[in-house]
Protein chains: 2
Amino acid sequence: MTEQAEAFRALADDTRLRILNLLLNTGSELCCCELTDSLEEPQYNVSKHLKILRQAGLIEGGQEGRWVYYSVPKKPDAFRKGLLDSVRSLPETRRLKKDAKNLDRRLSLRHNGKCTLGVLHGQPSGDKNAA
Amino acid sequence: MTEQAEAFRALADDTRLRILNLLLNTGSELCCCELTDSLEEPQYNVSKHLKILRQAGLIEGGQEGRWVYYSVPKKPDAFRKGLLDSVRSLPETRRLKKDAKNLDRRLSLRHNGKCTLGVLHGQPSGDKNAA
DNA sequence: ATAATATATGCGTAATAGCGCATATGTGCA
DNA sequence: TGCACATATGCGCTATTACGCATATATTAT
């Protein structure tokens with residue numbers, strides 16, 4: 001598979017589109033646990049999806065202490081810039097709105113603009129512990 | 001999977017990208033056999049890929065007699081238009097150039113701007129009959 | 001009608017993807 | 001040195017995908 005087809009494949013997944021949606025709609029860099037809580041997905045899944053996106057060159061990740069902050073590339077090549085623009089134009093579904101709302105709440109817990117917590121919600125498989 | 005992720009998935013395949021590349025770079029509509037010969041892939045595969053692209057809303061197909069002509073949608077929605085633009089910006093690999101060359105040759109066999117032939121090459125699995 | 005032909009599709013199989021779970025890795029702090 | 005914690009990864013499983021092959025469908029020509 002060519003590099004370009006791989007990039008498309010990285011986008012062919014709802015969870016990964018949700019991750020990118022959050023990264024694109026916030027100026028900030030987001031760490032794994034913030035994404036995990038926002039998406040209400042298990043941490044190991046979020047981590048795996050982040051890896052796929054990073055390998056496709058669609059996000060970048062930088063470690064800061066125990067945390068790894070992910071963000072959209074500052075200078076993507078033309079092809080990936082086009083792809084990211086396509087993701088930016090995704091229709092705002094209920095799910096994406098909820099993700100954004102979760103993220104807002106989660107970001108308000110930062111201190112000095114940095115995450116100081118881990119995953120808060122119950123690592124839901126079916127949301128047993130959420131309520 | 002959302003409709004948008006499905007569209008990305010449809011693009012996550014080299015053969016399908018090659019098909020779109022040909023459709024985007026020719027003003028003309030192309031029939032299945034012309035694409036088959038240009039790509040040097042088996043007819044049944046091309047047909048299957050065309051189906052996936054059509055279901056994703058990335059191409060349209062219209063029957064004319066025994067032939068089915070495929071083309072890029074005239075009025076795609078904003079999201080798909082962005083995707084098609086991304087495909088348009090694919091780097092010109094050797095493979096894509098060869099496809100285009102094959103297509104040129106194949107198009108020169110049209111009569112009155114319409115295809116009058118079926119698949120010409122040896123339905124290669126490994127190009128046994130090609131030489 | 002029958003044959004010829006352009007395209008589509010069902011089936012079997014091998015490869016791949018995503019999830020859940022458990023656990024490893026690596027960093028900071030006591 | 002050892003513990004706590006954020007993140008990453010290996011494994012087993014199931015579901016999906018792509019391919020090759022054979023054949024079905026549909027349209028034209030004889």
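Chain identifiers are assigned alphabetically (A, B, ...) following the order of the sequence lines, protein sequences preceding nucleic acid strands; residue numbering begins at 1 within each chain. Side-chain atoms are counted along with the backbone in the values below, which use heavy atoms only and exclude waters and symmetry mates.
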Checklist entry - B:D13: what forms a salt bridge (charged side-chain N to carboxylate O under 4.0 Å, His left out) with it, not counting sequence neighbours? => result none
Checklist entry - Short question: side chain of A:T26, backbone of A:S28 - any donor-acceptor pair under 3.5 Å? => result yes
Separation of [X] atom [atom1] from [N] atom [atom2], in whole Å?
X      : N      : atom1 : atom2 : result
A:D14  : D:dT16 : CG    : P     : 14 Å
B:K48  : D:dT23 : NZ    : P     : 14 Å
A:H121 : D:dA6  : NE2   : C1'   : 14 Å
A:E40  : C:dG20 : CD    : C1'   : 18 Å
A:Y44  : D:dC5  : OH    : C1'   : 18 Å
A:D37  : D:dT7  : CG    : P     : 10 Å
B:L50  : C:dT7  : CG    : C1'   : 10 Å

Checklist entry - So how far is it from A:L39 CG to A:T36 OG1, rounded to the nearest 0.5 Å? => result 7.0 Å
Next on the checklist: From the set C:dG18, D:dA8, D:dA22, return the single nucleotide nearest to any side-chain atom of A:D13.
Outcome noted: C:dG18
Item to check | Candidates C:dT7, D:dC21, D:dT7 - which lies nearest the side chain of B:W67 | outcome: C:dT7
Checklist entry - In residues 17-33 of chain B, which ones come under 4.0 Å of DNA chain C, going by heavy atoms? => result B:C31, B:C32, B:C33
Item to check | Of all pairs that satisfy ring pair (Phe, Tyr, Trp, His ring centres under 6.0 Å), the ones with a partner from residues 71-112 of chain A, not counting sequence neighbours | outcome: A:F8-A:F79
Using atom names, set out every protein N or O paired with an N or O of nucleotides 12-16 of chain C below 3.5 Å, distance rounded to 0.1 Å.
none

Residue pairs, two or more places apart or on separate chains, that pass salt bridge (Lys or Arg N to Asp or Glu O under 4.0 Å) and touch [range]:
range                     : value
residues 76-87 of chain A : A:E3-A:R80, A:D77-A:R80, A:K81-A:D85, A:D85-A:R88
residues 25-35 of chain B : B:E34-B:R110
residues 61-75 of chain A : A:E64-A:K114

Next on the checklist: My understanding is that only residues two or more places apart in sequence, or in another chain, count here; which of them pass side-chain hydrogen bond (donor to acceptor under 3.5 Å, both in side chains) with B:S89?
Outcome noted: none
Item to check | Most 5' of A:G118 and B:A12 on DNA chain D, judged by nearest nucleotide | outcome: A:G118
Checklist entry - Which part of the nucleic acid, if any, lies within reach of A:I52 when heavy atoms closer than 4.0 Å are counted: base, sugar-phosphate only, or nothing? => result sugar-phosphate
Checklist entry - Reckon A:K51 touches a base, only the sugar-phosphate, or nothing at all at heavy-atom distances under 4.0 Å? => result sugar-phosphate
Item to check | Those residues that, when tested against A:Y70, pass ring pair (Phe, Tyr, Trp, His ring centres under 6.0 Å) (two or more places apart) | outcome: none
Using a cut-off of under 3.5 Å, enumerate the N/O to N/O pairs linking the protein to nucleotides 24-30 of chain C.
none

Checklist entry - Would B:N102 and B:R105 count as a side chain to side chain donor-acceptor pair (under 3.5 Å) if you check the C-alpha gap in whole Å, the side-chain angles of each, and the deciding distance to 0.1 Å? => result CA-CA 5 Å; B:N102 288 341; B:R105 196 165 18 201; 2.8 Å; yes
Under 4.0 angstrom between [X] side-chain N/O and [N] OP1 or OP2:
X     : N      : value
B:Y70 : C:dA8  : yes
A:N45 : C:dG18 : no
A:H49 : C:dC19 : yes

Show me the donor-acceptor pairs, under 3.5 Å and distance only, between side chains in residues 48-57 of chain A and residues at least two apart or in other chains.
{"from": "A:H49", "atom 1": "ND1", "to": "A:R16", "atom 2": "NH1", "distance (Å)": "3.1"}

Next on the checklist: Taking transitive links into account, so neighbours of neighbours count too, which hydrophobic residues share a cluster with B:Y69 at under 4.5 Å side-chain distance?
Outcome noted: B:W67
Checklist entry - Could a donor-acceptor pair under 3.5 angstrom be found where the side chain of B:Q43 meets the base of C:dA8? => result yes
